[in-house]
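Have a look at the structure below, then the notes.
In what follows, chains are A, B, ... by sequence order, proteins preceding strands, each numbered from 1. Being a predicted model, the structure only gives us computed values, none of them experimental.
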Amino acid sequence: MKSLILFLILLTLWLLMSGHYSILIISLGIFSCAFCVYVAKRGKLIDDEGLPIFFIPRLLNYLIWLFKEILKSNLSTAKVIINGKVEPETFTVKASQVTDVAKVTYANSITLTPGTVTTKMQKDVFEVHALNSDFGNDVRTNEMDNKVTWLEGKK
Amino acid sequence: MFLAALIACAITGILILVRIILGKTTFDRILAVNSLGTVIVIGISLHGFYSSRPEFLDIAIVYALINFIGTVAVLKLFSTGSLGGDT
Amino acid sequence: MELILDIFTGICFFIGSLSIIIGACGLIKLPDVFSRIHAAGMIDTGGTAFFILGMVFQTGWSLITVKLILIGVFIFFTSPVTSHVTANLARQKNILPVGKKIGKIL
């Protein structure tokens, strides 16, 4: 089942990237996609971690919220760089997700918003470096943590 | 319009080169090289539009991938002293 | 119609250029590695997002748009990974961030 989904994703990517639709090119594409799926299956890469399909139903909603957040923190980071008021701080937060994929998603979301970076992680404790105490407070309110837990949908 | 954006990319590239030269630690340089790669990806796509040949986008995709893999490979070599082989 | 799209592209390019130039200034100005990662993140997210949006306004709907969005997705996924790897390795080599530390850090 998951192999089929991976095959369809790869084939869509091939068709969109090539732009040539003759029999020869499409059959070459099908062959190479099947070979990729075979290699991934042999390496035991197709599981919940390699292909997190349980994210998909709520993904769009989360992405829109994340883009809004990135835009806001881009503006604040630009202000901090121009003003030159830099007071970095380092602290730890606790992640409340169950699976590893969701934890990685949370850490990547923290890093993706400019102004906060995940520097280290042990089990479910993240060490976060923030450019300013405002950015730090944004992470410490746990809003993003709750959003990612909702995105995971296992609780 | 595309020319103005290209000039902005060039200015950014020069500013990043200053950081690469000043350096101090290795991580500063690696970070700056990665940012320079991102700016070059934008520059390649803009140049493709500027000379009205959008085939340049394929090169930009490949450059983005190689930029990522190169950065991670250099960091891995720096951290463990090998790239995963026997020696 | 053409004129409106051109104006949108111009606005997007202006914001993107401002974003990457401020990011590069931050890369020079900020005090240590961990702070500079924020400036690099600004180049990776704000700059590329607005430039790609501006170029999408120029192409309309075609295979080229798909390729542009694909570049955006690649950079969107790979940028936090490189940032995190750099920061993590800097911490492993015992470079401590400047500024105050709240509570016990790892």
For a quick check, list the donor-acceptor atom pairs closer than 3.5 Å between chain B and chain C, or say none.
| from | atom 1 | to | atom 2 | distance (Å) |
| --- | --- | --- | --- | --- |
| Arg19(B) | NE | Leu27(C) | O | 3.0 |
| Arg19(B) | NH2 | Ile28(C) | O | 2.8 |
| Asp28(B) | OD1 | Arg36(C) | NH1 | 2.5 |
| Asp28(B) | OD2 | Arg36(C) | NH1 | 2.9 |
| Asn34(B) | ND2 | Thr82(C) | OG1 | 3.2 |
| Thr38(B) | OG1 | Asp44(C) | OD1 | 2.9 |
| Asp58(B) | OD1 | Lys67(C) | NZ | 3.3 |

>> Are Phe77(C) and Phe68(B), when compared by the centres of their aromatic rings, separated by less than 6.0 Å?
In response: no
> Taking only residues two or more places apart in sequence or in another chain, which ones pass ring-ring contact (aromatic ring centres under 6.0 Å, His included) with Phe8(C)?
Replying inline: Phe57(C)
>> Could you measure the distance from the CD1 atom of Ile42(B) to the CD1 atom of Ile43(C)? Nearest 0.5 Å is fine.
In response: 8.5 Å
> At a heavy-atom separation under 4.5 Å, does Ile52(C) approach chain B through its side chain, its backbone, both, or neither?
Replying inline: neither
> Is it the backbone or the side chain of Ile14(B) that comes under 4.5 Å from a heavy atom of chain C, or both, or neither?
Replying inline: neither
> Looking at Ile20(C), Ile21(C), Leu70(C), which one has more heavy-atom pairs under 4.5 Å with chain B than the rest?
Replying inline: Ile20(C)
> Once you round to the nearest 0.5 Å, how far does CD1 of Ile28(C) lie from CG of Leu15(B)?
Replying inline: 4.5 Å
> Atom CD1 of Ile71(C) and atom CD1 of Ile61(B): how far apart are they, to the nearest 0.5 Å?
Replying inline: 5.0 Å
>> Please enumerate all residues that pass ring-ring contact (aromatic ring centres under 6.0 Å, His included) together with Phe50(C), with sequence neighbours excluded.
In response: none
>> Please report the interatomic distance CZ(Phe74(C)) to CG(Leu65(B)), rounded to the nearest 0.5 Å.
In response: 4.5 Å
> So which pairs with a foot in residues 6-28 of chain B pass ring-ring contact (aromatic ring centres under 6.0 Å, His included), sequence neighbours left out?
Replying inline: Phe27(B)-Phe78(B)
